[in-house]
There are 2 protein chains.
Amino acid sequence: MRYHKAPDETIRRLPSYLRGLALLLDQGYKSISSQGLADFIGINPWQIRKDFSYFGGFGTRGVGYDIEKLVKQIKKILRLDVVHKAALVGVGNLGLAVLAYPGFGVYGFEVAAAFDVSPQKVGRKVHNVAIEGVSELGTLRKRGIDIAIIAVPREAAQQTVDELVKAGVRGILNFSPCYITVPKKLKVITIDIAMDFARLPYYMPRQAGA
Amino acid sequence: MRYHKAPDETIRRLPSYLRGLALLLDQGYKSISSQGLADFIGINPWQIRKDFSYFGGFGTRGVGYDIEKLVKQIKKILRLDVVHKAALVGVGNLGLAVLAYPGFGVYGFEVAAAFDVSPQKVGRKVHNVAIEGVSELGTLRKRGIDIAIIAVPREAAQQTVDELVKAGVRGILNFSPCYITVPKKLKVITIDIAMDFARLPYYMPRQAGA
DNA sequence: CTATGTGAATTTATTCACAGCA
DNA sequence: TGCTGTGAATAAATTCACATAG
């Protein structure tokens with residue numbers, strides 16, 4: 001089911017709830033109020049309650065939310081209740097950072113394959129993942145990999161995407177700083193770290209603090 | 001001046017216009033219509049015109065926009081018309097990727113310093129930047145560095161931020177997957193790559209494409 | 001008595017439709 | 001005639017206030 005009523009902004013916030021709840025669990029909390037979670041992740045409590053209400057509400061009035069149960073519900077909404085296998089394409093500096101990134105586990109992702117064009121890299125093993133040549137991309141479908149992470153130079157991005165589409169991938173996380181075109185029934189999320197950086201000065205105060 | 005009327009969403013889009021315009025310049029274009037730019041970056045033309053209108057409008061009716069002039073105007077709005085020096089804290093995998101990232105130049109950023117706690121790393125030079133010990137963070141103010149990029153483990157994030165605040169930094173790009181607290185007059189933008197990843201499955205279609 | 005869940009009110013952002021200028 | 005710039009209309013998201021359940 002695809003909870004059509006929920007605003008995109010709500011969907012955007014759900015992963016941050018998940019992250020906060022995982023941290024709270026680590027700290028030994030079993031349950032939390034919307035106020036407590038709000039303080040913890042820097043947001044308002046009514047926003048949290050409203051977000052949950054789009055899916056029917058997950059809490060107990062007068063008490064709060066059972067964290068473990070809440071995590072399970074949010075994961076189900078985001079379809080993170082099953083492990084998703086992802087392939088990394090492009091094992092440069094950014095690709096290496098992706099392979100080393102410890103934060104994917106919380107969301108049920110597993111980077112199960114890595115690809116690169118460079119013959120020097122192919123065959124090597126990085127963070128327990130063997131690097132394959134891009135000619136092997138066609139094997140993704142039968143390996144059950146339906147998500148790709150693109151960390152190739154901008155010039156190669158669109159071509160890489162085209163090959164991934166042919167390989168049956170349904171979702172792409174694009175780190176290349178460019179707009180790419182895909183068939184309508186495929187979701188692409190582009191992250192350009194420089195672009196977030198670029199709006200920082202606008203919001204910075206004029207004079208230094210303390 | 002701080003164009004108070006412009007929506008935050010407009011500010012969020014300006015860097016992507018900048019990116020697209022830089023690419024168009026590379027391709028030899030001198031001017032562009034809102035329709036042309038819209039097609040190029042995957043957005044609607046009226047959104048672009050509306051965004052520019054908050055600042056008075058930058059084009060010529062019946063003709064379009066002079067790209068070079070437009071770039072200059074947007075950079076001024078975002079305060080990217082001066083070079084900003086940034087310091088990287090944490091030279092792990094992600095930090096290395098930041099140092100190697102070629103995309104900052106477009107926006108007028110220069111990663112002018114790098115810091116790490118590891119004695120093995122201090123003293124080495126990576127991508128023309130010498131790695132210093134975190135005890136040197138106090139020198140940032142007099143070196144004219146007012147932006148910091150944090151790529152340290154989550155546990156160290158808040159403490160790092162506190163030191164950066166003392167060092168006079170006014171803006172922080174935080175790659176650590178956690179919420180951090182800062183004095184109100186300091187801007188923090190947090191990027192958690194796993195969080196963007198986490199909403200991908202929600203938007204993915206059920207069956208594989210072609 | 002506490003903290004959730006939710007309609008209603010408000011604010012914010014997008015889309016439209018066309019007036020205005022080259 | 002062509003494309004920008006913008007008020008007005010629509011849509012979306014946030015905030016509020018309180019009824020409701022435990």
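Every chain is numbered from 1, with letters handed out A, B, ... down the list of sequences. Quantities reported herein were computed from a predicted structural model and do not represent experimental measurements.
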What is the distance, rounded to the nearest whole Å, between atom CD1 of B:I11 and atom P of C:dT12? 15 Å

Could you check whether A:R13 gets within reach of a base, just the sugar-phosphate, or nothing at all, counting any heavy atom under 4.0 Å? sugar-phosphate

Centroid-to-centroid, B:F104 to A:F197, below 6.0 Å? yes

Could you list by number each residue of residues 43-50 of chain A showing a heavy-atom separation from DNA chain D of less than 4.0 Å, or answer none if no residue does? A:N44, A:W46, A:Q47, A:R49, A:K50

Residues passing the side-chain contact (heavy atoms from CB on, under 4.5 Å) test with B:L23, sequence neighbours excluded, are A:R154, B:F40

When you measure from every atom of DNA chain C, which of residues 61-70 of chain A have a heavy atom less than 4.0 Å away? A:R61, A:G62, A:V63, A:G64, A:Y65

For A:F52, answer base if it contacts any base atom (sugar-phosphate contacts may also be present), sugar-phosphate if it contacts only those atoms, and nothing otherwise; contact means non-hydrogen atoms under 4.0 Å. nothing

In the structure I gave you, are the side-chain heavy atoms of A:L140 and A:L137 within less than 4.5 Å of one another anywhere? yes

Checking A:V126, A:V111, A:V152 against A:L88 for side-chain contact (heavy atoms from CB on, under 4.5 Å), the one that qualifies is A:V111

Salt bridge (charged side-chain N to carboxylate O under 4.0 Å, His left out) assessment of A:E163 paired with A:K166: CA-CA 5 Å; A:E163 288 171 37; A:K166 263 188 279 181; over 6 Å; no

Test log, rule side chain to side chain donor-acceptor pair (under 3.5 Å), inputs A:D192 and B:Y101: CA-CA 10 Å; A:D192 183 341; B:Y101 197 74; 2.9 Å; yes

Scanning both residues in full, the closest heavy-atom pair of A:Y107 with A:R19 reads OH-CB, 3.5 Å

Value for OG (B:S34) from CG (B:D39), rounded to nearest 0.5 Å, stands at 9.5 Å

Does the side chain of A:S33 get closer than 4.0 angstrom to OP1 or OP2 of C:dA3 through an N or O atom? no

Pull out every residue in residues 14-26 of chain B that has a heavy atom closer than 4.0 Å to any atom of DNA chain C, ordered by number, or say none. none

Donor-acceptor check, side chain of A:R79 to backbone of B:P201, threshold 3.5 angstrom: yes or no? yes

Need one value for A:S34: base, sugar-phosphate or nothing, where a base atom within 4.0 Å counts as base even if backbone is also close, heavy atoms only. sugar-phosphate

Aromatic plane relationship, A:F52 with A:F58 - under 30° parallel, 30 to 60° tilted, over 60° perpendicular: tilted

Check every nucleotide of DNA chain D for an atom under 4.0 Å from a heavy-atom of chain A, then give the first and the last such nucleotide from 5' to 3'. D:dA13 to D:dG22

Among B:E136, B:E132, B:E110, find the one that has a salt bridge (Lys or Arg N to Asp or Glu O under 4.0 Å) with B:R143. B:E132

Going by the rule side-chain contact (heavy atoms from CB on, under 4.5 Å), which residues pair with A:A97 if we only count those two or more places apart in sequence or in a different chain? B:N93, B:L94, B:A97

Between C1' on C:dT4 and CG on A:L37, what's the gap in Å once rounded to a whole number? 14 Å

CD1/B:I77 to CD1/B:I11 distance, rounded to the nearest 0.5 angstrom? 7.0 Å

